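To keep things clear, I will list the structure first and then write my remarks on it.
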There are 2 protein chains.
Amino acid sequence: MDTQTKILNTSISLFAQKGYEGASLADIAKLVGIKKPSLYNHFSSKDDILLTALEKVFKGYNEQFFQLITDKNSSVKATLYQIIIENAKMCWEDQDLILFYKRMLLFPPELLKERINEMNIRFEREFDEMMAGLFKESMNKGEIPAADIQPYVNSFNCLLDGIFTRSNIVDSFEKFEQIVEGSWQVYWNGISNEVK
Amino acid sequence: MDTQTKILNTSISLFAQKGYEGASLADIAKLVGIKKPSLYNHFSSKDDILLTALEKVFKGYNEQFFQLITDKNSSVKATLYQIIIENAKMCWEDQDLILFYKRMLLFPPELLKERINEMNIRFEREFDEMMAGLFKESMNKGEIPAADIQPYVNSFNCLLDGIFTRSNIVDSFEKFEQIVEGSWQVYWNGISNEVK
DNA sequence: GTCTATATAACGATAGAC
DNA sequence: GTCTATCGTTATATAGAC
């Protein structure tokens, strides 16, 4: 792996664990195995490292789920469930990636707030369009009641975010699994039944 | 307001906005209107300020919802909805309080991670017991199907957390309202209908 | 592309006068 | 209880040799 990639991966882990302000360039350099000033041969500043890493993570996240959707040949319900499970697995196992993603989204360093927000809007729109297509297909198949698409997308995003947050609060995998399963069942039950 | 309270309130805002590492004692002192060393007459360290502020916020959060539940004389559905709305309002209006709460929970400063986690477990248990009582009452009234209580509590917590996260990502109040309303309807529809 | 050495600024915390 | 002055440390970033 070349040095630049090594710096990015190390930074993602450290920014995820200690935050932008909490992770120093000295920390990063030490883990990469070079001295601090050498970082400046690959990136122009700490900001530069963060923004490059974030762009990479956003992109990877969307691509992962885009692939999951296009590769499928099962029911929309099964695909939605798979997205939930894949997301939950990421939250519990590859913690650093999604932790970094959400941390920078929720609590960006002050000076980069605007640029990070713009970046997110771009990727979130992409993700939402992908999900809207999926729900439309589900309606055509008669799996869910025909209605405005947006509430389906909104509540699904809300579910994904809730699962992420819960994954950081709960202390055992068993509890986390129960939360994911329970919340998914309530969600699917909620969108597939006609409103009383 | 006495100086100690002023320090706590200022710290909550600054820690919410800039994080523990990002908010300096100089920032806090300046906003309070005293010099940096004067802080040490009220608190023994920066950690001390944070832990005291966090204990205060945790307590206030639980008390607010506990009061909301005990004061009610309406259906459980209406009470649940009121909790959602109250929480959403907090997310959008009194941002700093809940932002500080969730920020320290999700991304605590490394050295205080364990103590903050212990603190949260204590308050989360209290909150969960409160919610479990509410769902039990709802079952007795026949509003929701009789079943294991825990999934009801878990999915409700997941919904609250999802709404918090969404509130930070979405850019307009209209969109946020749609998310809250849509997610609530899916949730209530999901728990009040028998599983197909 | 990596290093040593260093500039400059900010951090949390303390000493001691008033 | 608040202040000025300062300590010791660490931060990002740069200069310049190899």
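This is a predicted model, so every value here is computed, not measured. Quick note on labels: first sequence line is chain A, next is B, and so on, each numbered from 1.
In this view, A:Q178 and B:N154 satisfy the side chain to side chain contact (heavy atoms under 4.5 Å, CB included) rule, not counting sequence neighbours. In this view, B:V180 and B:I84, B:I85, B:A88, B:I163, B:F176 satisfy the side chain to side chain contact (heavy atoms under 4.5 Å, CB included) rule, not counting sequence neighbours. Taking B:F100 as the reference, nothing meets the ring-ring contact (aromatic ring centres under 6.0 Å, His included) condition, with sequence neighbours excluded. By the ring-ring contact (aromatic ring centres under 6.0 Å, His included) test, B:Y61 is found to be paired with B:F65, B:Y101, residues two or more places apart in sequence or in another chain being considered.
Among residue pairs with one or both ends in residues 130-140 of chain A, those qualifying as salt bridge (Lys or Arg N to Asp or Glu O under 4.0 Å) are A:K72-A:E137, A:E137-A:K141; sequence neighbours excluded. Under the ring-ring contact (aromatic ring centres under 6.0 Å, His included) criterion, no residue pair touches residues 24-52 of chain B, with sequence neighbours excluded. Counting only residues at least two apart or on different chains, no salt bridge (Lys or Arg N to Asp or Glu O under 4.0 Å) pair has a member in residues 181-193 of chain A.
No side-chain donor-acceptor contact under 3.5 Å links A:N157 to the backbone of B:R166.
For the pair B:E110 CD and D:dT10 C1', the interatomic distance rounds to 16 Å; values are reported in whole Å. Remark: C1' of C:dG12 and CZ of B:F43 are 16 Å apart, rounded to the nearest angstrom.
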Anything under 3.5 Å between a protein N or O and an N or O of nucleotides 12-15 of chain D, put it in a table, one pair a line.
from   : atom 1 : to    : atom 2 : distance (Å)
D:dT12 : OP1    : A:L25 : N      : 3.3
D:dT12 : OP1    : A:K46 : NZ     : 2.8
D:dT12 : OP2    : A:L25 : N      : 3.1
D:dA13 : OP2    : A:Y40 : OH     : 3.0
D:dA13 : OP2    : A:K46 : N      : 3.0
D:dA13 : O5'    : A:Y40 : OH     : 3.2

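A heavy atom lying under 4.0 Å from DNA chain D marks the following residues of residues 27-35 of chain B, by number: B:I34, B:K35.
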